[in-house]
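Quick note: numbers below take in every heavy atom, side chains included, and nothing from hydrogens, waters or symmetry partners. Just so we're clear, the structure is a prediction, and the values are computed from it rather than from any experiment.
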Amino acid sequence: MLKLKPKIDFEVSVEAEITPQLATLSSDEISNFQVYYGKEKTKLGDLFEISKEGDDAKLVLDGDFSMVKWVGARMDDGEIVVKGDIGDHLGAYMTGGKIVVEGNALDWVGAEMKGGEIVVEGNARNYVGCAYWGDMTGMSGGKITIRGNVSNYIGEKMGGGEIEIFGNAGDFIGTEMKDGTITIHGSCGFVGGDMKGGVIKVKGSFEVVPGFKKVEDGFEGDVNVGGKGKITQF
Amino acid sequence: MHHMLHIKNGIVVDPKNGINAEKMDIFVKEGKIVEESEVDVKEAKVIDASNKLVVAGGFDMHAHIAGSKINTGREMRPEEMRTVRLIAGKFRASIGRVLLTSPAIGYEYAKMGYTTAFEAAQPPVGALHTHEELDAIPMIDKAALPVFGNWHFVLKYVAEKEWEKLRAFLAWALERTKGFGVKVVNPGGVEAWMYGGNCKSLDDEVPGFNVTPREIITGLIQETENLGLCHSVHLHCNNLGTPGNYQTTIETMKLASKFSNDKRQVLHVTHVQFNAYAGSSWRDVASGAAEIAKYVNSVDNITIDMGQPIFGHATAMTGDAPFQFTLHKLTGSRWSNKDSEIEGGAGIVPIAYLPKNPVHALQWAIGLELGLLIDSDRVVLSTDYPNGGPFTEYPYVMAMLMSKKMREKELERVSPYVQKATGLAAIDNEKTLYEIIQMTRSLPARVMGMDNKGHLGIGADADIAIYNLDPLSIDTANDFEAVYKAFKTSAYTIKGGEIIAKDGELVKEIWGRTFWVDATSNASIEAIDSDLNEMFEKYYSLQRQNYGVEEAWLRKPERLVMG
Amino acid sequence: MIEVEIISGRTLDQGATVEEKLTDEYFKAVNYCELSEDDFNALGLAEGDKVKIKTEFGEVVVFAVKNKDLQKGMAFIPMGPYANMIIDPSTDGTGMPQFKGIKGVVEKTDEKVLTVKELVEVI
Amino acid sequence: MPETKEEELTNVICTFCGSVCDDVLFDVEKYKGKKFCKLGSAKFSKKERIKAPMIDGKEVSYEEAIEKAVEILLNAKRPLLYGWASTVNEAIRLGVILTEKVGGVYDQCASVCHAPGTLALIEEGVPGGSLGEVKNRADVVIFWGSNPMEAHPRHPVRYSVRAKGLLIKDRKDRKVVVVDVRKTKSANMADLFIQIKPGYDYPIISALRALVKGEEDAVPDEVGGVSKQQLKELAELMKNAKYGALLYGLGVTQSRGRDRNVENAIKLIQLLNRHTRWIIWPMRGHYNVVGAGDVPAWEVGYTYAIDFSRGYPRFSPGEFAANEVLQRGDCDAALIIASDPVAHFPKASVAHLKKIPVIQIDPFPNMTTLISKVVIPSAMAGLEAEGTAYRMDGIPFRVKKIIDTEYWSDEKILELMLEKVNEKLGLR
């Protein structure tokens, strides 16, 4: 297990593509792991206090990591626990393992993720499980759970997997979605535009965009793309 | 600073001068290739080229490297820009998968031993933009071909058979756009697209003008020849991308039969692969390459380039706006379109060539068939970058043309449809190194009418590529991997007498020239003066006085005066 | 106090003074809020009166202007520093703040309309 | 004093809005424009200038100001270089290279104007055309969330409403529609005005798509304050156009839905092209905001929101657009050129700008001047400096220098800054 604690309040954002695999390296390797502080190329050890207990693939991030980006990106196994807030791109492209954030997350949680699990106890913002600009498919496997609220663009171009939001969401939920499930326990705005497939379930209020036809248990569409997506209230 | 070079003991292949793998020394002074006696050997920097191939710098005569099309392509495809080739430092940051930034274009050509590249389609009203991008490409010499085939002046003058005016217009437009030659894209078809249509045959009438593609092409060849331009009409045929279109292509080529020119072709038909389909639909589409090859080989006034697809990502971008819309409907992919004043239009659609896709495999095979079946002094190697894919894979095409064994290996991974619908598997021809150098150096230079390019004779520009390949010992038919690797990165790339790349690393950033053709003394511009005023007043959204590009605005212009 | 939906945007006067921001002309071009006739009257406003506009994101005092073409419930403020005190700064991950379509309330006030320089100071 | 004859005036190219009118005239002696609209006249008139370069309000030489600016940029961990839309391509190009060298963030005014359209372009492309084609061919023109009468006053006359051309010989040959949330001045010149509920552009466009496609059942009786009947009529009007042009404005990009509104509109245009010809184009604001995106696109691959902290460009509007950078407090210095974010950014963004050292380059004092540590005055392009600018439809113009000035051009200022940066970084 490897524990990281910021040494300073970051003036500008830090990019640290750290995965649980880091915990299996030697203390020297960990300390010398390259990160970016603004335009400065620097070492993990220069920005964070490092304490290592054993070699199991687990990261504990203790403190305010809201300015730290790309944590858990591309991880394939192991565990990350964030005790505070976390920055953008948490678990982007991840294929396996588990991330738990006890605070809030920013944008791009689980973007294009293929497997594994992400749980955010607080809020997340935009682009949860989405595709990066110009890419065809967002999240395609695994599960993302947000206990709080999220903002816009949730599960866009989603090709599989599951997103569950316990709070409210903003607009553009499941836009151009192809497969998978999005569940929202609160309310949200525009839902399902250009949806080709998959299921969106909302408990509270929501706005279906024109292009969906009413069916027995909800709506089906988007007819504008010949889609067979399902939107239901539960 | 070494102004003199002594390239020692290289094995020279220089088709224009009939040199085939001869061990010799090359001397360079002030950017030119000179006699040994011109060089103070003690002062000259010596490059040991022992056992290495020494050739003229590569010449890409048809690529889309500058202007609003490639730039819109970049803007619509950020996923293309995530490939990092070089981190900023002594050189600029260089990025791009197939679509490259301007610095990356110059750098990648240089690393591959190419020293000249021409932008093959410049929207005339956007000429200044095209030139800004050309000016942003380091390392190589450049030029741009403005597009004429749907320009209302051309349609009007051809319809009225006002040949003198057409000639004057060509000269005026080349001067205003600082252009190099007469590019024609789907003549008449793009004007028809403004009404939702197209011109798929040579005899379709262009809406609003009493004129057909046949007349436009013939008229433009005639006046390009009368104007005495160094490059011929450069034609993207009608009916591109349609099964059965090879017949349109041959019919189009026949339009050149009554013209001839001692120095060069009178018609260059470009990226012919896209215009070489037999069959009647995408279900029974087949190769028409053999028929086209037969025709091209039988005449001496036509040249072509391949338009070879490379498996992987590409972006279709042409002035053939109706075709681009068809492609968008076929693939469901993103689509940009630009209708451009009264000059024509353009479109952009991302594509990927997949080896297992029957149509893509067919296109790949047809490109190779054209390259293999057509005489090496009539067919230029091109991918129609980025339409067929990256120019950085020219070495792949070179190696494929030289090795049947490599082709057999590649055929195993592509759709079996190729076996049925093309003759590729049965072609035994293997191009020689000499022929490949011809197809990438001397021929493109001749096609463009550039006497100082594409060869290593005395007086030629000192644009030289040295490769880790010994022509005297290499077995190009069997050692295709070595051939590919050698051509991917030069041992040395020398541009205008300066070493700009070495062993695949950049050495020095330099800025090449932009050539443009001034033929205004061969025509009477006054003849069209009042027409220009009238058309600008009525149909353009800008003033005639603000139209065009001044030489002073360009980084390193070079005017070629047509005598 | 009435509820409104606030739109900010270009006007001819704002555009014509945009390169001279420290002048009285610019101040005049951007320091007001247009309301519908109904809302204007409902607030008991007269020409030259001031209103305070409040949203989730801030508040600002501007002059009130009656616009016959504007529908009830809509408030229009020329783009610029006054509008920017109350618009939604969040970009929702697009980089673009929401300059148009913000819910807020308008009330009559006697407070001063700050000058452009004073505005910069209070931020 | 008698009017000077037109032929004695100098042809200039207006450097105010995206219409880039190139038929306007300038009387050098009287320092007065002719044929300009109100916006252009104002720009081409005498007004207060920044007198001299300043550091902390104290007048210094250009060289000293530039030296200081370079020091600030190089010392910063993450400088933001923002603005660019009101200068020429030659300056923008140097600015992009400068940002690359100092490892900063390049962003430009589109990020608060039409950048959502750029995002839509990424998703769907843009089926467009030049303004000359609108003038020549468009028998239906829809202004959607755009108000040319106030933002581009000569656009209607030169290009879109009353302009005559190849197929359009008279105003009656063209149907003009305005779609907006309020009755703007432009609505008054339209043949048809459709008032929509704020924030409902997206579903309205979805409804139009369904109607054009013949999927009436998927459209409710009312969408965003517009009746189904009215939507059906609009869909029919669009389908029956010979050549339609949808010209959208900030009403679409700055309200709920932003880029998705534009993306949806592009999908509508794609669909309409299966029936007839349609184009869509943004009514871009600043005279060279197109160049501010096109130049970085060819130099470094992206149009805005570009980060160079890793030595190569990356694009992410949600992280690197100026307002995100500022609201996150994620920059520790800023160079602002040809723009005024203090006036045009929301309060929350300005608050951070006030905390960090700001360098400003601009011909005119503005609100950003008030908070800047280093102020560098520059020549006004189109009058005192020449260079290339792209009209809203991408057509390039060389704007002119017709008056001599002591002020340095943006190009000259940035050239020296880049030279100093290269020197300090030990490059060449």
K43(A) atom NZ, over 12 foreign heavy atoms within 6.0 Å: no
Greater than 12 external heavy atoms within 6.0 Å of K424(D)'s NZ: yes
Engaged part of L119(D) at the chain A interface, taking heavy atoms whose separation is under 4.5 Å: both
K213(D) side chain vs V223(A) backbone, donor-acceptor pair below 3.5 Å: yes
When M136(A), E11(A), K157(A), E15(A) are compared by non-hydrogen pairs under 4.5 Å with chain D, the top option: E15(A)
Atom group of E263(D) that falls short of 4.5 Å from chain A, counting heavy atoms: side chain
F190(A) and Y202(D) aromatic ring geometry - parallel, tilted or perpendicular at 30°/60° bounds: parallel
Options K41(A), E207(A), R125(A), M67(A), ranked by heavy-atom pairs under 4.5 Å with chain D, top entry: E207(A)
Trace of the side-chain contact (heavy atoms from CB on, under 4.5 Å) decision for F308(D) with K39(A): CA-CA 8 Å; F308(D) 291 94; K39(A) 70 181 175 193; over 6 Å; no
Chain A interface, residue from V212(D), V105(D), V102(D) that has the most non-hydrogen pairs under 4.5 Å: V102(D)
Residue F219(A) versus chain D: region with a heavy atom under 4.5 Å: neither
Donor-acceptor pair, side chain of K213(A) and main chain of E215(D), under 3.5 angstrom: no
Test: K267(D) and E176(A) ion pair at under 4.0 Å: yes
Engaged part of R328(D) at the chain A interface, taking heavy atoms whose separation is under 4.5 Å: both
Options G224(D), P79(D), P317(D), ranked by heavy-atom pairs under 4.5 Å with chain A, top entry: P317(D)
Flag, side chain of D88(A) to backbone of E319(D), donor-acceptor distance under 3.5 Å: no
Minimal non-hydrogen separation, S206(D) against P210(A), with atom names: CB-O, 3.4 Å
Chain D contacts, top residue of D171(A), D135(A), V209(A) (heavy-atom pairs, under 4.5 Å): D171(A)
Which of E123(D), R78(D), K77(D) touches chain A most, by non-hydrogen pairs under 4.5 Å: K77(D)
Over 12 foreign heavy atoms within 6.0 Å of CZ, R74(A): no
Residue, of E220(A), H89(A), K214(A), that accumulates the most heavy atom pairs under 4.5 Å with chain D: H89(A)
Largest heavy-atom contact set with chain A, pairs under 4.5 Å, which of G311(D), S316(D), G257(D): G257(D)
Which atom of G38(A) lies closest to which atom of S309(D), heavy atoms considered: O-CB, 3.4 Å
Toward chain D, the part of Q34(A) with a non-hydrogen atom under 4.5 Å: neither
Side chain proximity check, W133(A) to T118(D), heavy atoms < 4.5 angstrom: no
Leading residue by heavy atom contact count with chain D [cutoff under 4.5 Å; candidates T175(A), V12(A), N152(A), L106(A)]: V12(A)
